[in-house]
Each structure stands twice: as structure tokens, then as C-alpha cells.
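Letters A, B, ... are given to chains in the order of the sequence lines, protein chains preceding strands, and every chain is numbered from 1. Side-chain atoms are counted along with the backbone in the values below, which use heavy atoms only and exclude waters and symmetry mates.
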Amino acid sequence: MILLAISAPRGTKDLLPGEVERWQYIEQVARDLSRSYGYQEIRTPIFEHTELFLRGIGDATDIVQKEMYTFKDRGGRSITLRPEGTAAVVRSYLEHHLDTQPQPVKLYYIGPMFRYDRPQAGRYRQFHQVGIEAFGSNDPSLDAEIVSFTWDYFQKLGLTDIQVEINSVGCPGCRPVYGRALQRFVEPYSGSLCDFCRDRLARNPLRLLDCKDTGCQEILADAPRLKDYMCDDCRMHFEKVQNYLQVAGVPVTVNEKLVRGLDYYTNTAFEVTCPGLGAQSSVAGGGRYNNLVETVGGPSIPGIGVAIGLERVLLALEKKGVPIPIEAPEIIFVATAGEGDFEAFRLMTELRRGGFPAEKDFLGRSLKAQMKSAGRMGARYVLLLGEEELREGKVTLRDMTSGTQTAIKREELFKVLAELRNRRQ
RNA sequence: GUGGGAGUAGCUCAGUUGGAUAGAGCAUCAGGUUGUGGCCCUGAGGGUCGUGGGUUCAAGUCCCAUCUCCCACCCCA
């Protein structure tokens, strides 16, 4: 064998036949569901100006600090492979003046994202997300729609044991007030915090809340609650979102400590987890981002969205043993006995043009070997073009399931094949 | 960025305390008399044992480095 010196880069992988079908399936479910929710596809570049992510995601976040694939292009511009989808969609929304269209504007995307992380179960450097974004409305029913979409997606796939946690992280009016209160409360214990939280305390105190360290959790047990600091608007918004979700029949758990790592979230933040996935159990996450459009340089337009991790969806489907419907075409294999390959090629071509997936041998193999490979590729029928058949203008139709064979006149072949197909449908 | 585990044929793995041309099953390809798959039988191809150093008369086996994969931390999808 030839030893290839080059392999796929770390944290990336090839999707080979046999696996891509699973991808196509979960993507198709997402597309169908997006359509029924009224979201239209948008495709943005895979790379953007680095500046977009610095401003959009927030330069204090881990994504920006240590996970971006950033490089200078030949023109000296700083370019970054998109680490998430929302910022680019916002940019595109502004660049093409979609705010002049009837609001809300509802968009979905499917595609690869890039983060320079250490690979792990369910985590890759190139991974794929399907996401939906809605702009131009701050209505709580829209928040509920996004969560409902996410819920429905997992239901449709047969992942029924997912958990949806939801929280409100307030707005720029009330969140900083709470942040300061939290700082004041924690400061006396700062020596007992974990290393990460000591760092977070000054920069982003809310992140203390979802720290997994038990010591930190103990300290926070009696900490002030975000909901006690929320302004009336935020409180009402959060309540209504929950009411709408109840109407939609989407079961959610309020988790007051759910914060999420992207700076741009305001009000609603939610996360979907799937048990049994290992350490990376989060399969989807989203929230409202009422300041993001403005931060990126546009007018003050509210938005909300969610991103679903497709690798983790697939991982969950696999772990739970959820069957994936995959339809393989019914192949008709045209075999020859010795001579007649031109005829076989002609017949194969006619079959394909007539809408019947067809194959033939390409290695000059014996009839026996042709039968073998027909069987292996799962051919439903073999059409044998032997000397006798060629002489008499016939073909032998072999049903590979039953093993029965019948001689058919060439001019009747398509009629017979069509009948066979109709009978099975 | 940190820690633990693992790299032998396309795949799953054997390979004794270092010792002869590195094995098996599956897969691939070809045969098992003239034109018939699945089962069975026979045979063939395919490995510089992840890579690079070192120790040794001798390294798949021991040591170091490096790369990759897996798992976890961090973070997130």
C-alpha cells in the first residue's frame, strides 16, 4: 500500500459513503422543519473579517481569545474562519438591508464552523451547525418559537430524552447591577474560588454561576439571585416566554445558573442537553441578542437564534440506537457472458435515462464474478445479455431476492420493469 | 493550553523475559472446467510494526522526542 504522508488535519474528518447519508438525513429534517417554521436559508462565507467576530462575539470570550482560526490573506487583511454562525448572518442582514424587508426576517443556515480546540468526544475543530435566526422583533412568542423549533427538531429525529434548560440573563440595564451585587457577595470568599473563577470574578462575574467546581457552588449557594435584580421588562419578558412555551407544549426547566459563554446574549438564554454523550452533552444552545446588531454596526434591532451541533446530534442518535431511514436505490445490474459489453453499456445507459439506476461490470470480469459483485452492491435485478439473448433479441431478468429468472423481449423490457416497480410501490 | 490512555495489513486484533523471511479473522481480487451471486474450499495482493533518534550482536518488543487518535480539564455545538 502507498503510505500517505498527509492526513486530514487534527480535529477534522472525512465523511465517507455510508456516513454521509446520515448527515443528509439530519440536514433534510432541519431544512423541512425550517420551512414549516417559515425560515429561509442563507449562505454566508466560511471566512469573514476578523473584526466581525471581535465585535460580535466579544473579545473577552474564550472563542475569540484562544479558539479562532485567524490568518492574514495575501492582501494583508486579517481573516478568520467563522467560529459560529450568528455574527455572519447579522453582518449579511445589515449589508443587504434586510431590515427594509417585512420583519421579522427569519433565516436558517447549515454549515461548517471552526474552532481551535483540543478535540474530544463530540468536539472537533471543524464542526457543523444548523442554526436559525430571527431579526426585528422582541416579542416573547418569538423566543418561544425558537425554542419550540429546537424541541421539534429533536422530537422529529427521535431524540426524545433531551432536556431544555432556560434562563434570562437580563439586559444591559439590569445585568450589570446584578453583576456588581454578585461580585460584592463573592469577594470575601475569592480565596476559595477555583482558579478560573478567580479570573472570572473581575471580568465576567455571571460566569461564576455555571462553574462546575463544587467549592464554587457552595460559595454561591446563598448568593443573590439574578431574578431579584431583573428589571420589570426583563422579568415580564421571561415570564411570557415561559407561558408561550407552555402553550406550545415544550417542557423546559428554568435554570437560574445557566449563563452561556457568548457575550451577546440578552434576556432569554437556553441550552439543550442530551444525557449519555460524555462531557460534551450540550447539543444546542441559543438565546436572544438584542444588542448584537448594533454592536456589529447597525441600528438597534433585536434578534434571537439557536445553533444545533450536528456532530453531537449524530452522536446522540448513534448512542441511543435511533434508526435512520436511508433509502438505497434499486440497482439493475447488466451482466454479460463473454462478448456483448457494448450492448451492456447501451442497455445500462438506456435504463439510466429511463429512470432506472443501473450498473455494469467495469473490470472485464467473468459472469460469475459479475454476479458476485451485483449481489454485493445489493442489486435488485440482474439483466443478463448472453450470446443467446443477443441472438434472439432478449434479456434474462434475474430477481436477486428470489433467484427466479425469466426471458424477456428487449422491446418489452421497460414495460416489465415499470410494472415490477409499480407493483412494489 | 493542561492531564491520562493508545498507535502492528483496508478493518478488528495476536505477537512470550528483546532473537530467524511479522501472523490470524474479516474485507479485496482471482480460481474451484464451457453462461449465474449469497454458503463452502483454494490461492494471491497488501505492512520500512505512526514518524525520527537512541540503547543493543540483535528492537514490533526497552528509552527519548514528535505526530495522530481516544478520554477528561477548560470551553462549547
Side-chain angles (χ1 to χ4, degrees), chain A residues 1-13 16 18 57 61-68 82-86 110-131 150 194-197 199-200 204 207 210-213 259-262 271-274 277-286 305-316 333 335-340 361 363-390 396-405:
Chain A
M1 104 182 217
I2 302 148
L3 231 160
L4 203 57
I6 300 171
S7 58
R10 180 164 209 198
T12 69
K13 63 174 183 174
L16 303 178
I57 301 171
T61 58
D62 278 28
I63 291 179
V64 169
Q65 295 242 306
K66 51 183 201 188
E67 293 173 6
M68 294 209 303
R82 62 180 186 197
E84 57 97 57
T86 304
I110 297 181
M113 307 294 161
F114 306 86
R115 287 184 205 171
Y116 192 88
D117 253 352
R118 195 81 177 258
Q120 192 181 326
R123 196 173 72 186
Y124 301 90
R125 290 185 172 179
Q126 176 177 333
F127 61 103
H128 299 77
Q129 291 184 330
V130 40
T150 311
C194 72
D195 295 347
F196 302 107
C197 282
D199 187 47
R200 289 195 268 247
N204 194 353
R207 294 308 312 264
D210 60 3
C211 179
K212 286 178 218 157
D213 186 272
V259 176
R260 302 195 51 74
L262 281 66
E271 183 166 8
V272 180
T273 54
C274 186
L277 280 198
Q280 311 299 329
S281 62
S282 166
V283 290
V306 64
I308 301 169
L310 295 183
E311 277 81 1
R312 292 182 187 175
V313 167
L314 253 0
L315 199 61
F333 190 98
T336 55
E339 300 303 305
D361 170 60
L363 294 173
R365 285 192 269 219
S366 67
L367 176 60
K368 186 188 178 109
Q370 290 179 53
M371 293 301 294
K372 210 177 211 174
S373 74
R376 238 180 322 232
M377 73 172 66
R380 180 66 214 266
Y381 299 106
V382 167
L383 289 176
L384 176 56
L385 279 177
E387 281 175 50
E388 204 182 312
E389 286 86 347
L390 289 172
T396 296
L397 174 71
R398 179 183 179 85
D399 184 322
M400 293 295 274
T401 320
S402 64
T404 55
Q405 297 191 172

Quiz item: Quick one: A/Gln65 CD to B/rC76 C1', roughly how many Å, whole number?
Solution: 15 Å
Would you list the atom pairs, donor with acceptor, under 3.5 Å between side chains in residues 372-379 of chain A and any protein atom, with sequence neighbours excluded?
residue, atom, partner, partner atom, Å
A/Ser373, OG, A/Gln370, O, 3.2

Quiz item: What nucleic acid atoms does A/Leu363 come within less than 4.0 Å of, heavy atoms only: base, sugar-phosphate, or nothing?
Solution: nothing
Quiz item: Under the salt bridge (charged side-chain N to carboxylate O under 4.0 Å, His left out) test, which residues partner A/Arg365, sequence neighbours left out?
Solution: A/Asp361
Self-check item: base_contact_polar (B/rC76 base, A/Arg312 side chain, donor-acceptor, <3.5 Å)
Solution: yes
Quiz item: Taking the C1' atom of each, how far is B/rC41 from B/rA14, in whole Å?
Solution: 25 Å
Exercise. Round to a whole Å and report the spacing from CG of A/Leu16 to C1' of B/rG10.
Key: 12 Å
Quiz item: Partner of B/rG46 by Watson-Crick or G-U wobble geometry, both contacts under 3.5 Å, or none?
Solution: none
Quiz item: Roughly how many Å is it from CZ in A/Phe127 to C1' in B/rC76, rounded to a whole number?
Solution: 8 Å
Exercise. Indicate whether OP1 or OP2 belonging to B/rC74 is found under 4.0 Å from a side-chain N or O atom of A/Lys66.
Key: no
Practice problem: May I have the distance from A/Phe114 (atom CZ) to B/rC76 (atom C1'), rounded to whole angstrom? | Solution: 16 Å
Exercise. Starting from the 5' end of RNA chain B, give me the residue, A/Ala121 or A/Arg118, whose nearest nucleotide shows up first.
Key: A/Arg118
Exercise. Just call it for A/Glu84: base, sugar-phosphate, or nothing, with non-hydrogen atoms closer than 4.0 Å on any strand.
Key: nothing
Quiz item: Base, sugar-phosphate, or nothing for A/Glu389, non-hydrogen atoms under 4.0 angstrom?
Solution: base
Practice problem: Taking only the side-chain heavy atoms of A/Arg398 (C-beta and beyond), determine which of B/rG31, B/rG37, B/rA72 contains the nearest atom. | Solution: B/rG37
Practice problem: Please evaluate the base of B/rG35 for a donor-acceptor partner in the side chain of A/Gln370 within a cut-off of under 3.5 Å? | Solution: no
Self-check item: Listed nucleotide nearest any side-chain atom of A/Lys368, set B/rG32, B/rA77, B/rA30
Solution: B/rG32
Self-check item: Gap between atoms CG and C1', on A/Leu384 and B/rU36 respectively (whole Å)
Solution: 7 Å
Quiz item: Would one find a side-chain N or O of A/Gln120 under 4.0 angstrom from OP1 or OP2 of B/rC71?
Solution: no
Quiz item: Roughly, in whole Å, what's the span from OH in A/Tyr381 to P in B/rG38?
Solution: 21 Å
Quiz item: Rounding to the closest angstrom, what is the interatomic distance between B/rG3 and B/rA65 at atom P?
Solution: 12 Å
Exercise. Confirm from the modelled atom types if A/Arg123 and B/rC74 form a donor-acceptor pair under 3.5 Å, side chain to base only.
Key: yes
Quiz item: Contact class for A/Gly403 (heavy atom, under 4.0 Å): base, sugar-phosphate, or nothing?
Solution: base
Quiz item: How far, in whole Å, is B/rA20 from B/rG15 if one measures between their P atoms?
Solution: 15 Å
Quiz item: Counting only side-chain N and O atoms of A/Arg10, is one of them less than 4.0 Å from OP1 or OP2 of B/rC69?
Solution: yes
Quiz item: Rounding to a whole Å, what distance do you find between A/Asp62:CG and B/rC74:P?
Solution: 11 Å
Quiz item: Counting only Watson-Crick or G-U wobble pairs whose two distances fall under 3.5 Å, which nucleotide matches B/rA58?
Solution: none
Practice problem: Would you classify A/Gly378 as touching base, sugar-phosphate or nothing, given that sugar-phosphate means primed atoms plus P, OP1 and OP2, and contacts are heavy atoms under 4.0 Å? | Solution: nothing
Quiz item: Got a sec, which residues hit side-chain hydrogen bond (donor to acceptor under 3.5 Å, both in side chains) with A/Glu67, two or more places apart in sequence or on another chain?
Solution: none
Practice problem: Kindly write out the residues that satisfy side-chain hydrogen bond (donor to acceptor under 3.5 Å, both in side chains) with A/Arg398, not counting sequence neighbours, or none if the list is empty. | Solution: A/Gln405
Quiz prompt | Distance, C1' atom - from B/rC70 to B/rG31, rounded to whole angstrom | solution = 42 Å
Practice problem: Between B/rC29, B/rU2, B/rG37, spot the one nearest the side chain of A/Arg365, thanks. | Solution: B/rC29
Quiz item: Expressed as a whole number of Å, how far does the C1' atom of B/rA9 sit from that of B/rG4?
Solution: 29 Å
Quiz item: Is there a Watson-Crick or G-U wobble partner for B/rC76 with both distances under 3.5 Å, and if so, which one is it?
Solution: none
Quiz item: So do A/Asp213 and A/Cys197 actually touch side chain to side chain, heavy atoms under 4.5 Å?
Solution: no
Quiz item: Distance check: side-chain N/O of A/Arg376 vs OP1/OP2 of B/rU28, anything under 4.0 Å?
Solution: yes
Exercise. Answer yes or no: side-chain N or O of A/Gln405 and base N or O of B/rU36 forming a donor-acceptor pair under 3.5 Å.
Key: yes
Self-check item: Gap in Å between the two P atoms, one belonging to B/rC49 and one to B/rG60, rounded
Solution: 7 Å
Quiz prompt | Check: A/Arg312 and A/Gln129 side chains under 4.5 Å, non-hydrogen atoms | solution = no
Practice problem: Could you work out the separation of B/rA72 and B/rA59 based on their C1' atoms and round it to a whole Å? | Solution: 33 Å
Self-check item: Nearest-nucleotide pick for A/Leu367, side chain only, options being B/rG38, B/rG35, B/rC74
Solution: B/rG35
Quiz prompt | Among B/rA77, B/rC73, B/rU36, the one nearest A/Gln280 by side-chain distance | solution = B/rC73
Exercise. Take atom C1' in B/rU12 and the same atom in B/rA6, then report the distance between them in whole Å.
Key: 15 Å
Distances for protein N/O vs nucleotides 40-44 of chain B N/O pairs under 3.5 angstrom?
none

Quiz item: Should A/Ile110 and A/Leu310 count as side-chain neighbours, where that means a heavy-atom distance under 4.5 Å?
Solution: yes
Quiz item: In Watson-Crick or G-U wobble terms, both distances under 3.5 Å, what is the partner of B/rU21?
Solution: none
Self-check item: Qualifying residues under salt bridge (charged side-chain N to carboxylate O under 4.0 Å, His left out), relative to A/Arg380, sequence neighbours excluded
Solution: A/Glu330, A/Asp399
Exercise. Check every strand shown and say whether A/Ala374 touches a base, only sugar-phosphate, or nothing at a heavy-atom separation below 4.0 Å.
Key: nothing
Quiz prompt | Contact under 4.0 Å: A/Arg115 side-chain N or O vs B/rC76 OP1/OP2 | solution = no
Quiz item: On RNA chain B, nearest-nucleotide positions of A/Asp213 versus A/His128: which is more 5'?
Solution: A/Asp213
Exercise. Report the base-pairing partner of B/rC26 (Watson-Crick or G-U wobble, both distances below 3.5 angstrom), or none.
Key: B/rG10
Quiz item: Are the side chain of A/Arg82 and the backbone of A/Pro112 linked by a donor-acceptor contact shorter than 3.5 Å?
Solution: yes
Practice problem: Consider only side-chain N and O atoms of A/Gln126 and A/Thr12, and report whether a donor and an acceptor are under 3.5 Å apart. | Solution: no
Quiz prompt | Assigned partner base of B/rG3, Watson-Crick or wobble definition, under 3.5 Å | solution = B/rC71
Practice problem: Check whether any side-chain heavy atom of A/Leu384 sits under 4.5 Å from a side-chain heavy atom of A/Leu367, and report yes or no. | Solution: yes
Quiz item: What nucleic acid atoms does A/Phe196 come within less than 4.0 Å of, heavy atoms only: base, sugar-phosphate, or nothing?
Solution: sugar-phosphate
Self-check item: Donor-acceptor contact below 3.5 Å, side chain A/Arg123 vs main chain A/Arg118
Solution: yes
Quiz item: If pairing requires Watson-Crick or G-U wobble contacts with both distances under 3.5 Å, which nucleotide is the partner of B/rC39?
Solution: none
Quiz item: CG of A/Asp399 versus C1' of B/rG37: gap in Å, rounded?
Solution: 13 Å
